[in-house]
Amino acid sequence: MIEITFLGSGGGRFITITQTRSTGGFFIKASKKIYVDPGPGALVRAWRYKIDPRRIDVLFVSHRHTDHCNDVEVMLEGITMGVTRKRGILIASKSVVHGDESHTPAVSKYHLDSLEEIHTPNPGDKFILGEEEMIITPAIHADPTTIGFRLRTKYGDISYIPDTQYFDELKKWHEGARVMIAAITRPKDMRIPYHLCTEDVIYMLKGMKDKPELLIMNHIGMKMHFANPYKEAKFIENVTGVKTLVAKEGFRVTIGKEIRLKTLRPARWV
C-alpha cells in the first residue's frame, strides 16, 4: 500500500506568517520515500508524525516561494545524514536550484554537492523512482518554472497540482488520476492570478471523463480558511460527484485496493 501523510495544509504569505494552518508539505511512502514541498515547519512536523528525514529518498520542490521551499536545506541535511553521505535525489524547479530574477537559489552548493542526483525537469520528463514512475506536469504561476507531478503506482495514479492558474491542459495532464492533491487557494467568487479557486476546480473536474476517486484540497490560503474550506469541499463534491476532502496536519490517506483515511495523533510535541 501507499501512504500520503500531510504535514500541513496551509499556503500563501499570511497563513505562512501566522501558521493558522501549518505549512510542512506532505510525504508519500511508496517503494521510495518522497517528501513534497517542505515549507516552514516541515522538519518539526515530520518528527511530530514519526517521519525520519534521514530515511527520505527523494525531495520534490515545486517552486521557489517560501511556503514551499523554506525547509529544503535542513531536509537535505537529514537525507544526507548531516552532509556526511552522498545520498538522495532532488527534483525541483529551476528557480529552486538556480534562482531567478527575484530570488537567490534555495539550495546552497554545499548541499547540492551532497546529493546523488539533482534534476530541474521540464513538463513531460519522467523518472523511475523504485517501483513508481513520476511524470512532471506543467503549471502557470508567478514563478514560471513551477512544476507538479503525476506519480504512477500499481494502486493508481497520484496527481499533485501545485500553485497554478487554471488552463485547459491541466485536464489532460491529470485526468484519470485516482487521487488528486490540488492547491486550491481561494474560495468561489474570489479568484486571483496564478492560483486555483473553487470554480476552477469544478470546471476542470466536470470536463474530465475519467474523474479522480478522491480530491484533496491543499494549500489553503487565508481567504479560503475564513470562507470555511470544508464548506467549499462539500460544494465541489455536490456539483462534480467527486469525493472531496480538506488536508490538515496529521491527515493520512492509505491507497490500496481501497482508499482509507485516518487522522494521526502527534507522536511527540516538538
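If you read the sequence from its start, that first residue is 1, and numbering goes on from there.
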Apply side chain to side chain contact (heavy atoms under 4.5 Å, CB included) to L129 and I89, showing your working.
-> CA-CA 10 Å; L129 304 175; I89 300 170; 4.3 Å; yes
Any luck finding a side-chain donor-acceptor pair between [X] and [Y] under 3.5 Å?
{"X": "T5", "Y": "R252", "result": "yes"}
{"X": "T137", "Y": "R150", "result": "no"}
{"X": "D143", "Y": "T145", "result": "yes"}
{"X": "Y160", "Y": "D37", "result": "yes"}
{"X": "E232", "Y": "T198", "result": "yes"}
{"X": "S114", "Y": "H111", "result": "no"}

Within the 4.5 Å heavy-atom criterion, are [X] and [Y] side-chain neighbours or not?
{"X": "I135", "Y": "F149", "value": "no"}
{"X": "H195", "Y": "H141", "value": "yes"}
{"X": "H225", "Y": "R21", "value": "yes"}
{"X": "T254", "Y": "K262", "value": "no"}

Minimum heavy-atom distance [X]-[Y], with the two atoms named:
{"X": "K243", "Y": "E237", "answer": "CA-OE1, 3.6 Å"}
{"X": "M75", "Y": "A46", "answer": "CE-CB, 4.5 Å"}
{"X": "P144", "Y": "A142", "answer": "CD-O, 3.2 Å"}
{"X": "I147", "Y": "F60", "answer": "O-CZ, 3.7 Å"}
{"X": "F14", "Y": "T18", "answer": "O-OG1, 2.8 Å"}
{"X": "G148", "Y": "P162", "answer": "CA-CD, 3.7 Å"}

Starting at [atom1] of [X], measure out to [atom2] of [Y] and round the result to the nearest 0.5 Å.
{"X": "L112", "Y": "L90", "atom1": "CG", "atom2": "CG", "result": "7.0 Å"}
{"X": "D168", "Y": "K172", "atom1": "CG", "atom2": "NZ", "result": "11.0 Å"}
{"X": "I202", "Y": "I236", "atom1": "CD1", "atom2": "CD1", "result": "5.5 Å"}
{"X": "L170", "Y": "L205", "atom1": "CG", "atom2": "CG", "result": "10.5 Å"}

Pairs in or reaching into residues 76-108: which pass ring pair (Phe, Tyr, Trp, His ring centres under 6.0 Å), with residues at least two apart or in two chains?
-> H65-H103
Quick check: is [Y] connected to [X] through a chain of hydrophobic side chains (ILVMFWY, heavy atoms under 4.5 Å apart)?
{"X": "W173", "Y": "I161", "value": "no"}
{"X": "L261", "Y": "L215", "value": "no"}
{"X": "I136", "Y": "V96", "value": "no"}

Test side chain to side chain contact (heavy atoms under 4.5 Å, CB included) applied to D113 and L115, step by step | CA-CA 6 Å; D113 287 346; L115 289 160; over 6 Å; no
Parallel, tilted or perpendicular for H68 and H63, by the 30°/60° rule?
->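 The rings of H68 and H63 sit tilted, inter-plane angle from 30° to 60°.
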Please state whether the rings of F127 and H119 are parallel, tilted or perpendicular, taking 30° and 60° as the class boundaries.
->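 Answer is tilted, since the angle falls between 30° and 60°.
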Looking at [Y] and [X], is there a salt bridge between them, counting it only when a charged N and a carboxylate O are closer than 4.0 Å?
{"X": "R45", "Y": "E249", "result": "yes"}
{"X": "D200", "Y": "R191", "result": "yes"}
{"X": "K32", "Y": "E131", "result": "no"}
{"X": "D157", "Y": "R152", "result": "yes"}

Kindly check if the number of other-residue, nucleotide or ligand heavy atoms within 6.0 Å of [atom1] ([X]) is above 12?
{"X": "K86", "atom1": "NZ", "answer": "yes"}
{"X": "K188", "atom1": "NZ", "answer": "yes"}
{"X": "M81", "atom1": "CE", "answer": "yes"}
{"X": "K211", "atom1": "NZ", "answer": "yes"}

N/O donor-acceptor pair under 3.5 Å between E3 side chain and V253 backbone | no
Determine, stepwise, if the pair M217 / T244 fulfils side chain to side chain contact (heavy atoms under 4.5 Å, CB included).
-> CA-CA 7 Å; M217 294 173 57; T244 304; 3.9 Å; yes
Given the rule in the side-chain hydrogen bond (donor to acceptor under 3.5 Å, both in side chains) test, do S159 and H174 qualify, once you have shown the distances and angles that lead to the verdict?
-> CA-CA 6 Å; S159 262; H174 298 283; 2.8 Å; yes
Could you give the side-chain donor-acceptor pairs of residues 177-187 under 3.5 Å, partners two or more places apart or in another chain?
from : atom 1 : to   : atom 2 : distance (Å)
R178 : NE     : E213 : OE1    : 2.9
R178 : NH1    : Y155 : O      : 2.9
R178 : NH1    : G256 : O      : 2.6
R178 : NH2    : G256 : O      : 3.4
R178 : NH2    : K257 : O      : 3.0
T185 : OG1    : H219 : ND1    : 3.3
R186 : NH1    : M190 : O      : 3.2

Could you walk me through whether L7 and V44 pass the side chain to side chain contact (heavy atoms under 4.5 Å, CB included) check?
-> CA-CA 9 Å; L7 290 313; V44 172; over 6 Å; no
